[in-house]
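Whatever order the structure lists ligands and atoms in, that order sets their numbers, starting from 1.
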Amino acid sequence: MKLPIDIETVSILSRLLNESRKIVILMHVNPDGDAMGACLAIYHSVLQLYSEKEVVMVSPNHYPAFLQWLESSTKILIFKDKRKIVKEKIAEADLIICVDFNSLARLEDVETPLRHSSVPKILIDHHIHPNREEFAVAISDTTASSTSEIVYRLLQAMNLPVPVPAAEALLTGIMTDTNNFRDNASTPETFEVLADLLRLGVDKDKVTAAIYENFSASRMKLLGYALENMVTLPEYNAAYMSLSLEELNRFNFQPGDTESFVNYPLNIAKIKLSAYMSEQQDGSIRCSFRSRGDFSVNDLARKHFNGGGHRNAAGGRLTCSLKEATAFFVAQLENYKDVLQ
Ligand code: 5GP
Ligand code: MN
């Protein structure tokens with residue numbers, strides 16, 4: 001099986017894990033299924049082997065409600081709510097593991113406390129352009145479906161156990177980051193990892209039901225509303241959806257409710273680029289992008305939307321009104337008309 005890392009890296013990592021007593025695992029802001037899956041899998045695996053160690057999981061802000069079923073998710077410390085404790089845990093840690101992001105800037109408010117720590121920081125990630133210099137060890141495999149897939153291979157290479165809750169978390173990560181195995185899941189290696197997870201005892205139907213058959217009625221109605229108001233731009237083979245705070249509140253929005261909305265416009269024939277824009281509590285506009293084929297939404301997000309991600313899935317943020325944001329998005333498309341044809 002393909003390994004993302006060389007033997008030397010595996011032995012450095014094994015030694016660091018072995019020697020450390022207090023480990024902090026960090027996820028990016030707005031953690032998704034992959035960040036949560038990778039984080040929780042490491043947590044369960046390390047504690048199974050080394051019950052005497054302290055393993056602390058940290059997220060800059062709240063994780064989506066639809067991932068609450070994951071075992072031990074309630075142990076994740078939310079920096080937004082527990083700033084003092086998280087700062088203490090980071091200061092006390094002798095090893096820090098960062099999962100599913102490529103630059104410390106993705107930690108937002110947790111970036112500064114983290115930069116104050118001089119202990120080894122390990123990166124495990126699959127995004128392009130990792131900021132390697134920010135980490136003592138950077139394990140980056142941009143061809144992997146998800147960070148969870150890399151974490152599985154890593155645990156295997158280090159001979160660490162993968163108990164069922166860890167396997168469930170990893171399946172969640174791979175399932176959600178690949179849009180239920182539709183996108184970015186085309187290598188035998190990904191399916192070999194999935195086969196192993198099933199052999200480890202994970203119940204795929206339980207995980208599928210927990211993720212995709214667990215919505216509130218108001219979330220389904222919000223999706224219907226967003227689709228009803230979707231704007232298609234056939235001249236650019238693009239489409240977008242947008243939701244204001246008022247609209248989100250009208251449908252009793254819960255974090256995570258709009259998680260896969262951006263994928264829907266890509267189900268339309270010929271559409272190569274999809275965007276979903278939503279007004280946030282702080283007034284900023286969060287932007288999600290998806291594309292088919294060679295069109296790089298990572299480039300689009302980096303150049304115009306203060307963000308980044310992968311070639312076919314990226315995000316960013318604008319500080320303007322929702323109307324201005326959607327108009328700005330449409331205006332950018334003129335520059336990409338040829339590539340989108
Ligand atoms: P989503 O649209 O699901 O929020 O994010 C899609 C992908 O883009 C994910 O891999 C996510 O990590 C990345 N991403 C989303 N927002 C940002 C951002 O503001 N900055 C960067 N660098 N990446 C982002
Ligand atoms: Mn990911």
- Member of D94, I23, L95 meeting the side-chain contact (heavy atoms from CB on, under 4.5 Å) criterion with K53: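 So, applying the side-chain contact (heavy atoms from CB on, under 4.5 Å) to K53 and each of D94, I23, L95, only I23 qualifies.
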- Item | Which N, O or S atom of D34 lies nearest to the Mn ion (ligand 2), by name |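 Nearest N/O/S atom: OD2.
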- Query: Can you tell me the N, O or S atom of H126 that's nearest the Mn ion (ligand 2)?
  - Reply: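 Closest to the Mn ion (ligand 2) among those atoms: NE2.
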- Item | Same apolar cluster: L26 and I150, side chain cutoff 4.5 Å |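 Different clusters: L26 never reaches I150 through Ile, Leu, Val, Met, Phe, Trp or Tyr contacts under 4.5 Å.
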Nearest protein heavy-atom contact for [atom]: which residue, which atom, what distance?
| atom | answer |
| --- | --- |
| atom 13 (C) of ligand 1 | G308 O, 3.6 Å |
| atom 6 (C) of ligand 1 | R290 NH1, 3.6 Å |
| atom 11 (C) of ligand 1 | R106 NH2, 3.6 Å |
| atom 10 (O) of ligand 1 | H127 NE2, 2.7 Å |
| atom 7 (C) of ligand 1 | A313 O, 3.6 Å |
| atom 4 (O) of ligand 1 | R286 NH2, 2.9 Å |
| atom 2 (O) of ligand 1 | S288 OG, 2.5 Å |
| atom 8 (O) of ligand 1 | A314 CA, 3.2 Å |

Quick one: which ligand 1 atoms are inside 4.0 Å of a heavy atom on [X]?
| X | result |
| --- | --- |
| H310 | 10 (O) |
| G309 | 8 (O), 13 (C), 23 (N) |
| G307 | 18 (C), 19 (O), 20 (N), 21 (C), 22 (N) |

Examine [X] and say whether one of its N/O/S atoms is closer to the Mn ion (ligand 2) than 2.8 Å.
| X | result |
| --- | --- |
| D177 | yes |
| H127 | no |
| D100 | yes |

Give the ring-plane orientation class for [X] versus [Y], where under 30° counts as parallel, over 60° as perpendicular and anything between as tilted.
| X | Y | result |
| --- | --- | --- |
| F191 | F181 | tilted |
| H127 | H310 | parallel |
| Y240 | F329 | perpendicular |

- Task: Flag the pair R290 and D183 as a salt bridge only when some basic side-chain nitrogen lies within less than 4.0 angstrom of an acidic carboxylate oxygen.
- Result: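 Between D183 and R290 there is no salt bridge, as every charged N stays at least 4.0 Å from the carboxylate O atoms.
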- Query: S284 and Q280: side-chain donor and acceptor closer than 3.5 Å?
  - Reply: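 No pair is found: no donor N or O on one side chain lies under 3.5 Å from an acceptor on the other.
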Hey, does [Y] have a side-chain heavy atom less than 4.5 Å from the side chain of [X]?
| X | Y | result |
| --- | --- | --- |
| L155 | V151 | yes |
| L49 | N159 | no |
| I76 | V58 | no |

